[in-house]
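Let me begin by presenting the structure, written as structure tokens, before commenting on it.
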Amino acid sequence: MENRKSILKCDNISISFGGLKAVNGFNLDVKEGDLIGLIGPNGAGKTTVFNMLSGVYSPTEGSIFLDGESVGGLGVYKVSQKGVSRTFQNIRLFDYLSVIDNVKLAMNQDMRYNVISGMLRLKSYWQEEREATKRALEILKILDLQSYANDSAGNLPYGAQRKLEIARAIATNPKLLLLDEPAAGMNAIETEALMDTIRMIRDKYKLAIVLIEHDMKLVLGICERLLVLNHGIVIAEGNPREVVKKEEVVSAYLGSGYGGDNA
Ligand SMILES: Nc1ncnc2c1ncn2[C@@H]1O[C@H](COP(=O)(O)OP(=O)(O)O)[C@@H](O)[C@H]1O
Ligand SMILES: [Mg+2]
């Protein structure tokens, strides 16, 4: 029954910074529609995995394949064009621009009009500009941000800013969305709503999502597969509810007293 398309494959990737092996022999196979969680203590190498998947760093060893094609050393721009999009642990928005302009700016890279036609205000410019506005509004609506469209991004409540980051990431039409601690700093109600949003995005766009998160309620609530990283090494992987019960996971990350069932 497993006929979903493979989107990304990591084959034994490692990276060292100076003497430190930040990620060591990481393997991952992401298929269309997957919702995968990556957890582990601070400094485990989670963000470094995202930096390799999104082209920020090239692995020192191993290979990454997107749609079967090796993407090692392609760099962020090309990897993003090939369909990998991400959000960051720390919010990165253009605070003084409007919410809708933040989304349109993220879309810009796959718009056909260029700076010249923009300056000359050609018909094609206005047409594409209208289309961009329409699409940006659609994306904002999906994330329930449409009422903020003309507000400055920096004035939004914290939870809405995090959602705007996701809106920007979706604007590039990714096949794979990487979310780095999307619920960080959110309250319980915002986190609950975010879970629904993430699931809905996956279902609507049929894209694959890998997320890093410390909130175990979110992780267990939506992830269908879980990887646990510790000191750069995957120490457990599989069904989330089974993974969180493993002794090595409890002792490396979750702490004793963690049952997993009431999380
Ligand atoms: N650019 C870098 N230069 C040097 N060390 C780095 C760099 N990026 C990450 N590291 C180190 O790699 C390790 C893993 O970091 P990171 O991936 O950010 O962990 P996590 O996201 O799991 O908290 C840490 O020890 C961190 O200091
Ligand atoms: Mg991190």
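For ligands, and for the atoms within them, numbers begin at 1 and follow the listed sequence. Note that this is a predicted model, so its numbers are computed, not measured. In what follows, residues are counted from 1 in the order of the sequence shown.
Closest to atom 18 (O) of ligand 1, if we only count protein heavy atoms, is Thr47 CB, 3.8 Å. With respect to atom 3 (N) of ligand 1, the closest heavy atom belonging to the protein is Phe17 CD2, 3.5 Å. In terms of protein heavy-atom proximity, atom 19 (O) of ligand 1 is closest to Gly45 N, 3.3 Å. Distance from atom 15 (O) of ligand 1 to its nearest protein heavy atom, with residue and atom name: Thr48 OG1, 3.7 Å. Atom 14 (C) of ligand 1 has its closest protein heavy atom at Gly43 O, 3.4 Å.
Not a single heavy atom of Gly40 sits closer than 4.0 Å to an atom of ligand 1.
Of the residues listed (Asn51, Thr87, Thr47), the one engaging Asp180 in a side-chain hydrogen bond (donor to acceptor under 3.5 Å, both in side chains) is Thr47, and it is the only one. Checking Leu254, Asn230, Val228, Leu229 one by one against Pro41, the side-chain contact (heavy atoms from CB on, under 4.5 Å) holds for a single residue, Asn230.
Between the Ser98 side chain and the Asn150 main chain, no donor and acceptor come within less than 3.5 Å of each other.
Dense packing is recorded around NE2 of His214, with more than 12 heavy atoms of other residues, nucleotides or ligands lying under 6.0 Å away.
The distance criterion of under 3.5 Å between nitrogen or oxygen atoms is not met by Ala22 with respect to ligand 1. At least one N or O atom of Tyr57, backbone or side chain, sits closer than 3.5 Å to an N or O atom of ligand 1.
Here Lys82 does not pair with Asp67 in a salt bridge; the nearest charged N to carboxylate O distance is not below 4.0 Å. In this structure, Glu192 pairs ionically with Lys217, as a charged nitrogen and a carboxylate oxygen lie closer than 4.0 Å.
Here the angle centred on the Mg ion (ligand 2), running from OE1 of Gln89 over to OG1 of Thr47, is 90°, rounded to 10°.
Closest heavy-atom approach to atom 22 (O) of ligand 1 among the candidates His231, Lys21, Gln89, Lys46: Lys46.
Only the side chain of Leu20 comes within contact range of ligand 1, with a heavy atom under 4.0 Å; no backbone atom does.
For atom 26 (C) of ligand 1, the nearest protein heavy atom lies 4.0 Å or farther away.
At a threshold of 4.5 Å between non-hydrogen side-chain atoms, the residues Lys175 and Glu32 do not count as touching. For the pair Leu211 and Leu35, the minimum side-chain heavy-atom distance is below 4.5 Å.
Within ligand 1, counting atoms from 1 as listed, the ones closer than 4.0 Å to a heavy atom of Ala44 are 19 (O), 20 (P), 22 (O). Applying the 4.0 Å criterion to heavy atoms of Asn42 picks out, from ligand 1, the atoms 23 (O).
Ring geometry for Phe17 versus Tyr57: interplanar angle over 60°, hence perpendicular rather than tilted (30 to 60°).
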